[in-house]
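Below, chain A is the first sequence line, B the second, and so on; all start at residue 1. Here the structure is a predicted model, which is why all the values come from computation and not from measurement.
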Amino acid sequence: MEELNPEQLKVVTTTEGALLVLAGAGSGKTKSIIFRTAYLINHLKVRPWNLLVVTFTNKAAKELKNRLENTFNIYTHNLWIGTFHSICTRILRREKDFLPFNANFSIYDAADQKNVFKKVFKALDIDTKRFPINQVINNISKQKNSLIRAEDFFLFNEQNYYTEIVEKVYRQYQKTLLENNSLDFDDLLLFTAFLFDENESLIEKYANLFKYVMVDEYQDTNYAQFKIINYIAKRHGNICVVGDDDQAIYSWRGANIKNILNFEKDYKNVVKIKLEQNYRSTENILNLANSLIQNNSQRFEKNLWSNIKSNLMPDLMVVENEHDEAKFVADELLKLKLEENINFVNSVILYRTNAQSRVFEKIFVNKNIKYQIVGGVNFYQRKEIKDIIAYLRILVNPQDNESLLRIINFPTRGIGKKTEQRLLDRAVALEINLFTAISSLPKEKDSKQFSPKIIKFAEQLSSWQIISKENTIIYLIEQILADTGILKKYENSDDIQDISRSENLYEFMTAASEFTEQFEEDFQRKPELSDFLQSITLHTDLDSYNENADSVKLMTMHNAKGLEFENVFVVGLEDGLLPHSRSLENDNAMEEERRLLYVAITRAKKRLVLTYTRFRRIYDFAEPTFPSRFLSELDEKYINKISAHFYDFQAPRHKQRAKKNVVLESKKCFRIGQTVNHIKFGKGKILSVEGDGKEAKLTISFSTGMLKKIMGNFIELI
DNA sequence: CCACGTTGTGTTTTT
DNA sequence: CACAACGTGG
C-alpha cells in the first residue's frame, strides 16, 4: 500500500457506496483497480465470487487475474472478471430458462451478422441501393445498444418510408437469429438487460451475488451496459466506476460519454476522486497532449501533470508520401537499435485506419525488422478458420442453419443449389432443423431419393456429433479435417495462399489444445466444445498478442487504448485521415477524433514522433494532402519540427505505374495530354487512355478541377 | 455442378 | 487496388 499516492489510496479504501474515479492517462488506474480488488478480498474478506469487475478487453481481464494471483495470492477462478460481452454470455447461459433460446446458442460475429442481413434483404426483396446494407446494420445496432427491440421500434422512431423498412428488416433479422438459436454481439447485452428488466427475482439474485461492482473505462459504456450495471448495483449502491472523459473514443458504437458525466446524478452520495499525476510520460509529451485536448469543449475540469524530466523533445516530421513515411520510421527504429541499443519490443506505430499498415509491413519485411500487426483481420475471421468453426458450431447448436449452409458443400461434396433446396424443403415439411433433416437421412426408407454423397455427409455429421460428446476438442477437429480432406487439400496445393491456410489450421489446433489446458487449470474440469466456441468468438487479436517479443507493434489508435510504449510513432496525421473525412462535418465527431490523437500521444513514455505526408495514394492516384488541423493546435514549445529536406530519401518519387492495356500509338484516337471538350463537363486534359479507338476509356482532368473516367464517344477533340 | 474470368463496388474505428 | 458478386463454358 506504500506504493500508492494519497488519491490512489483513497480509491482503494473507499469501498462502500458509489465512487467515481476520474483517472487521467497514465495515472495508475489499473494499479488502483488491482489494489482495490485485493483490498476487498484480502483485507475486508469479501468472497471473490461476490465481486464483479468489468474490463474493456479480455487482455485487461487476464492481466488483472495474473497480478492478483502472483502479487496477492488470490485464487481468481471464481472471481467474476471480464468484458461486458463475456460476462453477459455467462449470465445468459446460466439463466437460459428465462430466455427464448437455449444455452447452446451460437454467437455471430460481424461477418456472420452481415450474411444473415443479406439473406433478410433478399427475402424481403429490399433494394440495397436505396437502403445500403451497412447503414441498416448500423442503425439496428444503435437501436439495440439503446435497448430498443424490434417490437418497440416505433415507440422510439418516427414513421417514414426509411424507418418502415428498417423496422421490417429488424423484425425479420431477429426472427432468423432465433430460428438459428443464435445471438449477435449486441444481443448479448440487450438480452441481459431485458432479463433483468422482466425478472425482478434475477435483479435480486445478482444484486446479492455481486456485492461490489467495478467498471473500468466507464466513459466508453453504452446505454445497454449502463442499464445492466444499474440493475445490479442500484440496490446496494456499492459501485466504483473508473474512466477518463478525454479518452472516450467509441461513441460510434453507441458509447455515451454522458454515462460518466452524469454518474453523480445516477447514484446517491457519490464520492469523486481525481487521479491527476501521470507516471508514464515525460513532461514534454504530457504538455503537448494537454495543449491538444484543451481545445475540446465537453470535459471535466482537470490538471494532468508529470514530473518526469527529459531532454528528448517530441518530433514532427513531414515526408513526401506514405512510402517515405514508412521508410523514415523504419530507419529511425534501426538507428535507435544501433546507436542506443534500444530493442523493437517497446516501440509501436499507431495509425487511424487498418489499411495504413500495408506499406509498413512491406518495408519492414524488406529491412528485416521484426513486427507484429495487432488487430486488422482477426485470426478467427479467416476463411479457413471460419469454415472449421462452422463445423464445430453445428455440432454444439444443431439449429445453427447458417453455419450448416456455409459448409454443406465445402469442401465440394456434390451438394449444389438444387440439392440444398430439396434438403431445406424436407426440413420445412417435417418441421425440423436442417441438421436433423440431413443427419436423419440414412435411417429413412426413402433416402434413395438422395445421392450416396449426401448420405455419406449425413453419416459423417452423426459420427462427429458422437465424437464431440465423448472425445477431446482437438481430436474432434483432427477428425473433421481428416474426414473432409480439407487439410490435405490445402497442404498439397501449389498455391502459397493454400499453404498458408493449412498453416493457419495447424495454428487453430494449437489454439484448441492451449485453450483446453488453460481451461482445465482455471476451472478444474474438461471444457465443453461450447466453452471453446464462446472463447474464440469473443476473442480479439489484442488478447493474445505477444507484447514481450522483440518486434515492433503496429495497431490502430483505438487498439492502443490502455497500453503504453517507450517509443511511439503516430503516422498519417493528415486531414481526412485524422480527423477522418467522415467526421469533418460533425462537431462531436471532431472532438472524438481529437481525443483519439490525445490517446495516441499519451501512450508514449519517452519518445514520440508524429508524421504526415504531402501526398498519399488513395485508390490509384497519389493525391496531395493537407496536414491534420490538429497539428496547429499543438503547443510549439513542446515539439520539434523536422523538414523532409534534411532527410535523404532514396526511394523513387511518384513512379508512374504501367497501365495494363497498352495500345499501339498508331491505333490511338486519343493521346495523353490532348485538350478535349465534353458537353456537360466542359474543357479538360486527357491524363490516361485505356483501350483503343472511340471506345477507349479516358481519364480526364476537367478545368473545373473534376477528375472523371469517360468513354471516348462522348468526347470531342479541340 | 464447378471453375474460372469478368464486371462492379467500395474503405473508420471494434466487442 | 482488392475483393465480392455474377456469368459463362466445360
### Task
State the dot-bracket string of DNA chain B. Criteria: Watson-Crick or G-U wobble, both atom distances under 3.5 angstrom; notation: ( ) intrastrand, [ ] crossing earlier pairs, | interstrand, . unpaired.
||||||||||.....
### Non-neighbouring partners of Arg149(A) that pass side chain to side chain contact (heavy atoms under 4.5 Å, CB included), sequence neighbours left out
Glu151(A), Asp152(A), Leu190(A), Phe194(A), Glu198(A)
### Message
Expected output is a numbered-order residue list: members of residues 578-586 of chain A with a heavy atom under 4.0 Å from any atom of DNA chain B. What is it?
### Response
His580(A), Arg582(A)
### Message
Whether Asn145(A) contacts dT15(B) is assessed here as follows: a side-chain N or O lying under 4.0 Å from the phosphate OP1 or OP2. Is that the case?
### Response
no
### Summary
Taken in chain and number order and not counting sequence neighbours, the residues that satisfy side chain to side chain contact (heavy atoms under 4.5 Å, CB included) with Glu585(A) are none
### Query
Quick one: does His558(A)'s side chain have a donor or acceptor within less than 3.5 Å of a partner on Ile249(A)'s backbone?
yes
#### Entry: Set of residues satisfying salt bridge (Lys or Arg N to Asp or Glu O under 4.0 Å) with respect to Asp186(A), sequence neighbours excluded
none
### Carboxylate-amine/guanidinium contact Lys29(A) Asp244(A), below 4.0 Å
no
### Query
Roughly, in whole Å, what's the span from NZ in Lys142(A) to C1' in dT15(B)?
15 Å
### Query
Do other residues, nucleotides or ligands put more than 12 heavy atoms under 6.0 Å from the NZ atom of Lys383(A)?
yes
### Task
Taking side chain to side chain contact (heavy atoms under 4.5 Å, CB included) as the test, write out the residues that go with Asn58(A), two or more places apart.
Thr83(A), Ser86(A), Asp543(A)
### Task
Could I get the full list of salt bridge (Lys or Arg N to Asp or Glu O under 4.0 Å) partners for Lys142(A), not counting sequence neighbours?
none
### Residues that Glu95(A) engages under salt bridge (Lys or Arg N to Asp or Glu O under 4.0 Å), provided they are two or more places apart
Lys205(A)
Check the interface with nucleotides 2-4 of chain B: list each N/O to N/O pair with the protein under 3.5 Å, or write none.
residue, atom, partner, partner atom, Å
dC2(B), OP2, Asn409(A), ND2, 3.0

#### Entry: salt bridge (Lys or Arg N to Asp or Glu O under 4.0 Å) partners for Glu633(A), two or more places apart
Arg594(A)
Hey, what are the protein-to-nucleotides 5-10 of chain C N/O distances that come in under 3.5 Å?
residue, atom, partner, partner atom, Å
dA5(C), OP1, Lys118(A), NZ, 2.5

### Residues in side chain to side chain contact (heavy atoms under 4.5 Å, CB included) contact with Ala111(A), at least two apart in sequence or another chain
Asp109(A), Lys386(A)
### Summary
Separation of dT14(B) atom C1' from Leu538(A) atom CG, nearest Å, is 13 Å
